[in-house]
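Worth saying up front: this structure is predicted, and the values here are computed from it rather than measured. To find a chain, count down the sequence lines: A is the first, B the second, and so on, and within it residues start at 1.
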2 protein chains.
Amino acid sequence: MPEPMYRQIAEDLRQKIESGELGHGDQLPTELELRELYDASRNTVRDAIKLLITRRLVETRPGQGTFVVQKINPLVTTLFTDSATLLAGKETGLGGEGTAYAAEVSAQGRKAEDSVPRVEIQQAAGVIAEQLKLAEGSPVIGRHQQRLIDGLPWSLQTTFYPMRLVELGAVRLIQADDMPTGAVRYLEEALGIKQAGWRDRITVRAPDVNEATFFRLPDDGRVAVFEVRRTAFDRQGQPFRLTVSVYPADRNQFAVKVGQVPDEVAAPARD
Amino acid sequence: MPEPMYRQIAEDLRQKIESGELGHGDQLPTELELRELYDASRNTVRDAIKLLITRRLVETRPGQGTFVVQKINPLVTTLFTDSATLLAGKETGLGGEGTAYAAEVSAQGRKAEDSVPRVEIQQAAGVIAEQLKLAEGSPVIGRHQQRLIDGLPWSLQTTFYPMRLVELGAVRLIQADDMPTGAVRYLEEALGIKQAGWRDRITVRAPDVNEATFFRLPDDGRVAVFEVRRTAFDRQGQPFRLTVSVYPADRNQFAVKVGQVPDEVAAPARD
DNA sequence: GGGTATTTGTCCGTATGTATT
DNA sequence: AAATACATACGGACAAATACC
């Protein structure tokens with residue numbers, strides 16, 4: 001039994017793309033042309049294109065045509081390294097609300113911009129309550145930030161703190177401005193809370209509506225997002241901070257380095 | 001301007017699913033019933049369902065109907081921890097070709113099975129040559145393994161070694177059997193190569209045909225896969241091993257633990 | 001095992017709307 | 001304003017997979 005026609009057409013086009021006969025950014029024949037090429041109806045040709053769209057090989061632009069998607073040069077975020085590399089502090093990646101992050105981005109030859117934090121007080125629910133070991137409905141502070149790289153939306157980050165910390169005196173947590181020295185050091189100076197360790201959880205899921213809008217992703221969940229949750233603990237093993245970062249999966253990668261690892265030469269970005 | 005009808009229908013159904021009116025595994029009304037419900041043509045109803053399919057909210061079974069997808073209890077793989085937890089050795093996760101991995105899986109109350117390694121000699125190309133710092137076309141050994149958990153396909157793993165290691169005497173690398181003590185220790189005993197560190201790179205991409213077949217994923221690239229590349233270095237900073245592991249993104253998560261981190265209570269698996 | 005009803009999958013044709021050039 | 005190209009929506013026909021008697 002043969003493959004359905006729309007799959008054969010998709011397969012033929014896919015082969016033309018992957019062989020390089022159709023390069024990145026090139027326009028495919030129009031639906032009308034494809035219809036004659038493969039002797040199929042326009043709807044069948046469209047079914048083939050839909051398959052290529054969900055495989056992220058092509059994109060359509062109304063009024064223009066169908067195009068082979070452009071490759072994106074991914075950004076690498078280091079979640080952990082114990083090598084003495086670019087950073088003075090111990091915590092890298094998401095931590096410190098931007099200090100280490102900015103250094104890493106510029107090391108990759110790109111320009112990072114952060115939005116002013118938007119601070120909200122909300123009720124802990126679900127993962128937030130679970131990770132911070134709070135009862136559902138307890139008040140928490142959420143500090144939301146948007147990060148742009150080279151002018152493009154790159155990640156959304158929210159850090160949650162139990163309201164208790166503010167009541168104990170860490171009032172800067174509810175102010176909508178940057179903490180230049182980093183939140184970790186601020187909490188140590190203000191309350192004597194020392195960060196003894198942290199735990200990252202890396203997952204992939206479909207973006208919600210807000211995320212799809214901000215990242216300008218197709219609204220049908222084709223492009224997934226990374227969700228990285230970092231829970232920080234004090235010396236008593238109590239969680240006091242949860243950072244949830246969301247990154248579009250089509251333009252981000254993560255790294256972990258342990259022990260003696262040579263520096264990476266700035267590679268020509270294979271994938 | 002109003003939303004297109006097929007999106008309104010999809011939105012209405014989505015709301016019914018997320019509100020719990022339609023539970024996991026429940027059957028949706030048939031296309032014919034939906035057609036009457038929303039006073040739309042069958043093709044329009046089908047367009048709405050297609051949208052829900054790419055959002056991974058429902059799945060269709062020919063001859064049966066359309067069903068709300070079941071939630072999968074994800075497996076967590078620890079990429080790195082420096083806490084003294086379940087493992088004697090230092091390297092966790094992908095390392096050791098299964099020693100640490102098996103312990104972690106059973107700690108989550110699941111049963112792990114590994115296939116017998118399939119050993120191939122191939123020519124280094126692309127990422128493999130780049131990571132192992134070999135010229136394109138150099139011979140490398142590839143040890144492929146399939147991992148099942150609770151009888152279900154869970155990950156595909158290939159470890160690459162430069163052929164040079166075999167020529168120096170590490171002949172077990174080309175034998176198609178397990179290395180019970182782990183490859184790291186074997187290389188140290190046989191050749192005196194000590195692992196000084198490693199680097200992980202975590203990416204997400206669409207599965208290729210082999211992967212989609214093995215994992216029984218839909219063949220249109222809706223479900224992404226994690227690709228985790230671990231490059232191991234000796235004391236001279238030379239890479240001597242590259243492990244590429246592929247995991248379906250719908251049933252896997254990753255963890256990194258640094259410093260003092262309390263044990264996680266076996267949570268009821270939120271997501 | 002066979003036959004039938006049900007349900008989704010594929011493919012066609014047509015008409016009209018919307019976005020872009 | 002006109003032409004081009006994709007988006008939405010309708011209708012119909014037959015095939016393939018499954019369940020049930």
Side-chain angles (χ1 to χ4, degrees), chain A residues 1-14 17 22 25-70 212 216-222, chain B residues 1-14 17 22 25-70 212 216-222:
Chain A
M1 58 213 78
E3 282 281 286
M5 191 187 304
Y6 78 102
R7 282 175 188 265
Q8 289 183 37
I9 297 173
E11 184 55 27
D12 189 68
L13 290 170
R14 189 196 60 74
I17 291 168
L22 287 166
D26 284 4
Q27 179 168 9
L28 269 67
T30 68
E31 292 177 350
L32 218 73
E33 290 167 334
L34 289 172
R35 178 193 151 137
E36 291 177 7
L37 252 172
Y38 294 103
D39 194 33
S41 80
R42 187 175 159 240
N43 281 326
T44 301
V45 166
R46 280 176 60 76
D47 282 345
I49 290 175
K50 276 180 202 160
L51 207 57
L52 297 176
I53 289 175
T54 77
R55 287 180 180 161
R56 291 181 272 296
L57 290 172
V58 305
E59 62 186 4
T60 54
R61 300 176 206 151
Q64 295 186 56
T66 306
F67 300 83
V68 182
V69 293
Q70 300 277 0
R216 292 176 214 153
L217 300 177
D219 64 348
D220 57 4
R222 283 189 329 257
Chain B
M1 59 208 80
E3 282 282 285
M5 190 186 303
Y6 78 101
R7 283 175 188 265
Q8 290 183 36
I9 297 172
E11 184 56 27
D12 189 68
L13 290 171
R14 189 196 61 75
I17 291 168
L22 287 165
D26 284 3
Q27 179 168 8
L28 269 68
T30 68
E31 293 176 352
L32 217 74
E33 289 167 338
L34 289 172
R35 178 192 149 137
E36 290 176 8
L37 252 172
Y38 294 104
D39 194 32
S41 79
R42 184 176 163 232
N43 281 325
T44 301
V45 166
R46 281 176 60 77
D47 281 345
I49 290 175
K50 276 180 202 160
L51 207 57
L52 298 176
I53 289 175
T54 77
R55 287 179 178 162
R56 290 181 271 297
L57 290 172
V58 304
E59 61 186 4
T60 53
R61 300 177 207 152
Q64 296 187 55
T66 306
F67 300 83
V68 181
V69 294
Q70 300 277 1
R216 292 175 215 152
L217 300 177
D219 64 348
D220 57 3
R222 285 191 324 261

query: Do A:Val58 and A:Leu13 have side-chain heavy atoms sitting under 4.5 Å apart?
result: no
query: Checking only heavy atoms, does the side chain of A:Arg42 share a donor-acceptor pair with the base of D:dA7 at less than 3.5 Å?
result: yes
- prompt: Base, sugar-phosphate, or nothing: which does B:Ser41 touch, judged by heavy atoms less than 4.0 Å apart?
  reply: base
query: Testing A:Leu34, A:Leu32, A:Thr66 for side chain to side chain contact (heavy atoms under 4.5 Å, CB included) with A:Val45, which one passes?
result: A:Leu34
- prompt: Could you state the CZ-P distance from A:Arg35 to C:dG13, rounded to the nearest angstrom?
  reply: 6 Å
message: D:dC6, OP1 or OP2 - any side-chain N/O from A:Thr66 closer than 4.0 Å?
response: yes
field: Options D:dT18, D:dT8, D:dA7, nucleotide nearest the side-chain atoms of A:Glu31
entry: D:dA7
message: What contact category does B:Arg46 fall into here, base, sugar-phosphate, or nothing, at under 4.0 angstrom with non-hydrogen atoms?
response: base
field: Listed nucleotide nearest any side-chain atom of B:Thr30, set D:dC10, D:dA17, C:dT7
entry: C:dT7
query: Does some side-chain heavy atom of A:Tyr38 sit less than 4.5 Å from a side-chain heavy atom of A:Asp12?
result: yes
message: Tell me which nucleotide, if any, is Watson-Crick or G-U wobble paired with C:dT10 when both distances must be under 3.5 Å.
response: D:dA13
query: Rounded to the nearest Å, what distance is computed from the CD atom of residue A:Glu33 to the P atom of nucleotide D:dT4?
result: 12 Å
- prompt: Taking the side chain of A:Thr44 as its heavy atoms from C-beta onward, which of D:dA9, C:dC11, D:dA19 lies nearest to it?
  reply: C:dC11
statement: In whole angstroms, the gap separating P of D:dT8 from CG of B:Asp39 amounts to 19 Å
query: Among A:Arg14, A:Arg7, A:Gln8, which one satisfies side-chain hydrogen bond (donor to acceptor under 3.5 Å, both in side chains) with A:Glu11?
result: A:Arg14
task: Rounded to the nearest angstrom, tell me the gap between atom CE in B:Met5 and atom P in D:dA9.
output: 5 Å
Nucleotide C:dG9, atom P - distance to CG of B:Leu32 in whole Å: 14 Å
- prompt: Between B:Gln64 and D:dA19, is there a side-chain N or O to OP1/OP2 distance below 4.0 Å?
  reply: yes
message: On DNA chain C, compare the nucleotides closest to B:Gly65 and A:Asn43; which residue's is nearer the 5' end?
response: B:Gly65
query: Taking NZ from A:Lys50 and C1' from D:dA7, how many angstroms apart are they, rounded to a whole number?
result: 9 Å
field: Nearest-angstrom distance from the residue atom CG of A:Asp47 to P of C:dC11
entry: 8 Å
query: Do the non-hydrogen side-chain atoms of B:Glu31 and B:Arg35 ever get within less than 4.5 Å of each other?
result: no
message: Could you tell me how far apart A:Tyr6 (OH) and C:dC11 (P) are, to the nearest whole angstrom?
response: 7 Å
